[in-house]
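First the structure, in the form of structure tokens, and then the observations on it.
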Amino acid sequence: MVPGSGFTAVLTTGTALAMAFLAVFALALGLGADRLADRWQATLAQSATLRISAPAGEMAVQTSRALDILRATPGIASVRVLEPEEQRALLAPWFGPDLPVERLTLPRMIEIVEAGEGFDPVGLRMRLVAEVPGAVLDDHSRWRAPMVAAAAHLRTLAVLSVALIAAATAAMVALAASFSLAANAQVIAVLRLVGARDAFIARAFTRRFTLRALAGAALGTGLGMGALALMPALDGIAGDTALGGIGLRGRDWLWPLLVPPFAAITAWTATRAAAFRVLRREG
Amino acid sequence: MVPGSGFTAVLTTGTALAMAFLAVFALALGLGADRLADRWQATLAQSATLRISAPAGEMAVQTSRALDILRATPGIASVRVLEPEEQRALLAPWFGPDLPVERLTLPRMIEIVEAGEGFDPVGLRMRLVAEVPGAVLDDHSRWRAPMVAAAAHLRTLAVLSVALIAAATAAMVALAASFSLAANAQVIAVLRLVGARDAFIARAFTRRFTLRALAGAALGTGLGMGALALMPALDGIAGDTALGGIGLRGRDWLWPLLVPPFAAITAWTATRAAAFRVLRREG
Amino acid sequence: MIRLEEVAQDYGDRRLLRDVDLHIAKGSFHFLTGPSGAGKTTLLRLCYGELTASRGRVLLFGEDRKDMGRDALADARRQVGVIHQDCRFLDHLGVAENVALPFTAAGLPVPADDLRELLGWVGLAAQAQARPPTLSGGERQRAALARAVIAQPAVVLADEPTGNLDWEMSLRILSLLVELNRMGTAVLIATHDLNLIRSAKAQVSARVLRIAEGTLQSAGSDL
Amino acid sequence: MIRLEEVAQDYGDRRLLRDVDLHIAKGSFHFLTGPSGAGKTTLLRLCYGELTASRGRVLLFGEDRKDMGRDALADARRQVGVIHQDCRFLDHLGVAENVALPFTAAGLPVPADDLRELLGWVGLAAQAQARPPTLSGGERQRAALARAVIAQPAVVLADEPTGNLDWEMSLRILSLLVELNRMGTAVLIATHDLNLIRSAKAQVSARVLRIAEGTLQSAGSDL
Ligand SMILES: Nc1ncnc2c1ncn2[C@@H]1O[C@H](COP(=O)(O)OP(=O)(O)OP(=O)(O)O)[C@@H](O)[C@H]1O
Ligand SMILES: Nc1ncnc2c1ncn2[C@@H]1O[C@H](COP(=O)(O)OP(=O)(O)OP(=O)(O)O)[C@@H](O)[C@H]1O
Ligand SMILES: [Mg+2]
Ligand SMILES: [Mg+2]
């Protein structure tokens with residue numbers, strides 16, 4: 001009933017295609033950021049170390065005092081004094097293999113496993129200074145905290161992008177539909193004149209736009225997934241770094257398949273609303 | 001001469017706005033990635049370390065042999081044997097302060113400063129195994145290499161995005177113009193009938209579309225720059241990490257100002273081409 | 001079937017029609033004349049419910065236009081064949097498909113034989129597949145007429161149906177409408193062509209109405 | 001000023017016009033008749049260069065249509081006032097602005113007094129600010145006529161200019177065209193209205209042409 005206007009067709013299909021492509025990337029980014037944030041969060045829970053250097057006589061006292069303090073500190077899951085062998089293994093690279101580690105007065109090392117949000121390093125240091133003067137707290141894994149925050153931030157951005165893309169797609173399709181309806185004012189007038197009901201006229205538009213959006217989104221999703229699949233190089237080199245995290249793994253590949261049906265539903269809703277609005281107005 | 005169709009107006013201005021907004025972000029991403037790649041590239045040039053553990057008698061020989069090999073290796077700018085004091089400072093945290101470092105047979109450490117692309121660690125290790133059996137090459141700064149690659153990759157992606165956005169904008173504006181021209185077929189027919197020349201008709205369309213694109217792009221650029229300016233939190237926490245690098249610094253803020261004029265030029269060119277094409281075809 | 005009671009129609013501040021009473025009964029034949037701009041087209045648009053009267057009541061098949069929903073109005077229009085002064089078509093469909101639209105829009109099958117016969121009668125057999133924009137002015141009017149009558153509506157409203165037709169073709173169209181009228185269809189023709197009215201009066205008992213100064217009057221006996 | 005030499009016009013496989021020779025000279029007055037679909041509109045479109053003849057030569061003010069660039073054609077059109085059968089306007093502008101278009105499109109100032117006088121003559125003084133879609137059929141035709149003649153073109157081509165007009169208004173329009181013709185404008189009117197032709201022949205020496213079976217002939221002496 002409605003002429004196949006090349007323009008609205010290109011616009012709708014093209015928009016759906018481009019938006020689906022972008023949505024797939026945003027999804028990949030979001031899922032990657034999510035994975036990254038999880039991984040980094042996990043490494044955060046790894047051990048910090050407390051090193052106690054004290055004269056041989058005081059070592060045992062200071063160690064047990066330090067252990068008491070650590071156990072009383074909130075945010076610490078467990079503490080463990082390192083065995084001499086472990087310590088030797090840690091230091092070996094820095095000395096010749098024939099270093100008599102056993103005979104040296106080495107500092108005692110305590111591994112700390114954090115829990116939940118982790119402990120407050122500033123408060124802990126202050127307490128240690130007072131009671132265990134020889135203790136040095138090395139929370140070296142702390143540097144990852146801002147990166148976890150950043151990954152979470154990135155995940156939020158990705159979710160926002162997906163939402164924005166969905167909204168933009170809906171707006172564009174609705175716009176194209178209104179366009180098409182306006183351009184087809186004569187068609188609508190003729191159909192009303194010969195006694196066509198609103199639903200009959202609206203259907204001609206919704207069907208067309210839904211199909212276009214579906215086709216465009218399917219193509220865009222396919223292209224987006226293809227582009228992601230063709231990005232293995234980055235995965236290999238930097239799979240574990242911030243940027244290598246962008247990409248889809250395993251079951252993640254199912255998520256983009258939601259994009260085309262979502263685009264179709266969006267198009268159907270937007271077009272139907274636009275059609276009935278125009279029909280009511282045109283009288 | 002041409003009716004102010006609400007639709008093409010919204011489409012053109014909206015597209016220009018959205019695209020300018022995205023372009024600003026892509027620019028920021030690109031400039032940030034560029035900065036990051038530079039910074040990481042610089043840290044790559046930092047020292048790797050060669051550690052020689054050998055019996056006291058062979059130490060001097062192995063050290064000089066290692067120095068010879070290193071000096072002959074391409075990609076190494078300079079080498080330097082660490083002073084005992086430096087070595088002690090490096091090790092101090094791991095031992096008590098009263099460790100008699102002077103009296104221990106410590107491995108000799110050689111600092112390597114790389115040049116250009118850096119050296120080939122695999123080849124170097126193979127040569128060292130043969131001639132300096134006690135040498136261990138620790139190119140710990142190597143782990144940043146994939147991140148530099150990733151940053152460069154990100155920069156490429158950002159440049160591609162900007163190009164894509166420009167192309168998409170041009171396509172959309174051309175499409176909107178063709179749309180508008182098709183919708184105004186009657187206007188064009190009437191104007192031709194009363195003796196209007198092509199340039200006169202085309203001008204009515206180009207002026208309108210150029211102004212719309214300029215206005216939309218200016219607004220989008222403003223919003224994009226505003227959004228970037230409102231993102232200081234990330235800067236503070238993770239300013240030095242991969243993700244903190246996204247953003248504009250100092251003179252970078254001038255780049256986005258190129259977006260609106262570029263959008264206007266794009267719109268003008270695209271509309272003019274579309275107008276003359278349609279006019280020639282309609283006869 | 002269509003009844004206007006004390007109808008008035010305003011465009012903005014301007015009262016174009018007032019005190020209009022009109023009853024288009026089954027089997028009636030009306031002509032509507034009046035100078036250009038008098039309101040003939042406006043009156044027709046009131047009759048098929050495209051306009052809502054500013055005052056008074058318009059009854060379409062017994063229902064008040066004001067109380068009708070959009071679907072009820074659409075259904076009522078299937079009973080009314082309208083030939084617009086500026087004949088509008090679906091330009092992307094052929095003439096035959098356009099003429100068949102009343103069936104398509106109602107979801108009914110198209111009677112192919114009737115369609116072919118009707119197109120032959122209005123002289124468009126050769127143009128059945130042509131697109132409406134390539135038709136000549138008179139061909140468009142004939143296509144609009146065919147579309148208006150194909151579904152055998154209860155009422156035919158024709159706005160200047162012979163404005164672009166030569167005299168022979170005008171008579172042919174008239175005889176088609178007279179034939180339909182004899183079969184019970186009510187016909188109302190707005191026209192400037194006094195010769196056409198005279199010809200019709202020789203064939204059927206037609207009432208001639210005239211819009212003058214905003215009111216509907218019976219035309220003098222000279223017609 | 002406009003000359004057709006052995007012109008033929010095809011639409012697809014169909015040869016609509018053949019062997020057409022026509023000279024629209026300065027100060028001439030032509031009528032063009034023929035049954036609906038004969039090719040009157042087609043002939044007019046050839047005369048102002050919208051169509052390019054399938055065969056033969058069309059000379060517009062001495063230049064061959066085939067050799068004219070788009071700008072030259074645009075300039076030639078400023079010398080020709082055309083009244084289309086389906087009058088088209090810029091629907092977003094008022095009637096006065098539409099009538100003034102030939103000046104606007106040529107980049108000339110609009111003569112406000114002439115415009116007002118002309119609108120009064122064609123009976124559109126009250127509609128000067130109205131948008132074309134709100135005009136009645138006859139009002140549109142009169143607006144198209146006003147637009148065609150306002151820039152005092154060398155030739156006026158009118159396609160069925162009185163199809164939607166009552167007889168008094170038709171005579172009024174005719175007398176405007178006769179007046180222009182007396183001042184030197186060439187006029188060609190395609191029409192079905194034989195009464196109009198008779199009226200005109202009483203005022204000027206008009207040639208009546210008739211398209212029959214694809215060829216252009218002089219009409220019989222009954223006209
Ligand atoms: N939508 C509208 N808004 C404002 N004025 C209108 C509208 N429609 C029609 N008119 C005015 O109402 C008057 C009557 O219009 P109408 O089309 O009914 O005339 P008509 O009798 O059919 O004339 P014609 O014989 O020229 O077709 C005209 O002057 C016209 O300008
Ligand atoms: N662009 C076109 N393509 C194909 N056929 C066309 C085209 N334009 C016109 N025709 C056909 O050419 C024939 C003549 O058309 P034209 O408009 O010249 O007739 P006319 O003499 O003006 O008729 P009327 O009095 O009905 O306006 C018609 O049968 C029409 O269908
Ligand atoms: Mg009318
Ligand atoms: Mg014609």
Side-chain angles (χ1 to χ4, degrees), chain C residues 11-14 16 33-45 84-89 122-127 129-143 145 159-170 172-173 190-196 210-212, chain D residues 11-14 16 33-45 84-89 122-127 129-143 145 159-170 172-173 190-196 210-212:
Chain C
Y11 285 125
D13 291 342
R14 177 175 166 215
L16 185 69
T33 62
S36 169
K40 300 180 294 298
T41 301
T42 301
L43 188 58
L44 256 64
R45 290 169 73 203
H84 252 296
Q85 201 165 5
D86 52 336
C87 326
R88 304 197 145 188
F89 299 94
V122 298
L124 290 177
Q127 272 88 6
Q129 301 310 320
R131 300 263 171 264
T134 69
L135 295 184
S136 82
E139 285 164 352
R140 291 173 69 82
Q141 275 188 328
R142 287 176 271 151
L145 180 101
D159 200 355
E160 205 82 59
T162 60
N164 287 311
L165 297 181
D166 48 300
W167 182 237
E168 291 92 75
M169 187 54 78
S170 299
R172 201 179 162 93
I173 295 302
T191 185
H192 293 292
D193 192 340
L194 304 187
N195 291 328
L196 190 75
R210 187 180 164 77
I211 302 181
Chain D
Y11 286 125
D13 290 342
R14 178 176 165 213
L16 185 69
T33 63
S36 169
K40 300 181 292 301
T41 302
T42 301
L43 187 59
L44 255 64
R45 290 169 74 202
H84 253 295
Q85 202 165 2
D86 53 336
C87 327
R88 303 199 143 187
F89 300 94
V122 298
L124 290 176
Q127 274 88 5
Q129 302 310 320
R131 302 264 172 265
T134 70
L135 294 184
S136 82
E139 286 164 353
R140 291 172 71 81
Q141 277 188 327
R142 288 176 271 150
L145 180 101
D159 199 356
E160 206 80 60
T162 60
N164 287 311
L165 297 181
D166 49 300
W167 182 238
E168 291 92 74
M169 189 53 79
S170 299
R172 202 179 161 93
I173 296 303
T191 185
H192 292 293
D193 193 339
L194 306 187
N195 292 327
L196 191 75
R210 188 180 166 78
I211 303 181

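This structure is a prediction, so every number in the text was calculated from the model and none was measured. Hydrogens, waters and symmetry mates are skipped; everything else that's a heavy atom, side chains included, is used. Protein chains get the first letters and strands the later ones, always in sequence-line order, with residue 1 at the start of each.
- Proximity of D:N195 to C:N195: side-chain heavy atoms (C-beta onward) are separated by under 4.5 Å at one or more points.
- When D:M169, D:K40, D:Q85, D:R14 are compared by the number of non-hydrogen pairs under 4.5 Å with chain C, D:Q85 comes out ahead.
- Looking at C:N164, both its backbone and its side chain come within 4.5 Å of chain D, counting heavy atoms on both sides.
- When C:R142, C:R140, C:E139 are each tested for a side chain to side chain donor-acceptor pair (under 3.5 Å) with D:S36, only one passes: C:R142.
- Most heavy-atom pairs under 4.5 Å with chain D: of the set C:G163, C:A38, C:C87, this distinction falls to C:G163.
- Proximity to chain C is absent for every atom of D:Q141, based on heavy atoms less than 4.5 angstrom apart.
- At a 4.5 Å heavy-atom cutoff, C:E168 makes no contact with chain D through either its backbone or its side chain.
- Separating the OG1 atom in D:T33 from the CH2 atom in C:W167 is a distance of 16.0 Å, to the nearest 0.5 Å.
- Counting only heavy atoms from C-beta outward, the side chains of D:S136 and C:T41 never approach each other to under 4.5 Å.
- Looking at C:D159, there are no atoms closer than 4.5 Å to chain D (heavy atoms on both sides), in backbone or side chain.
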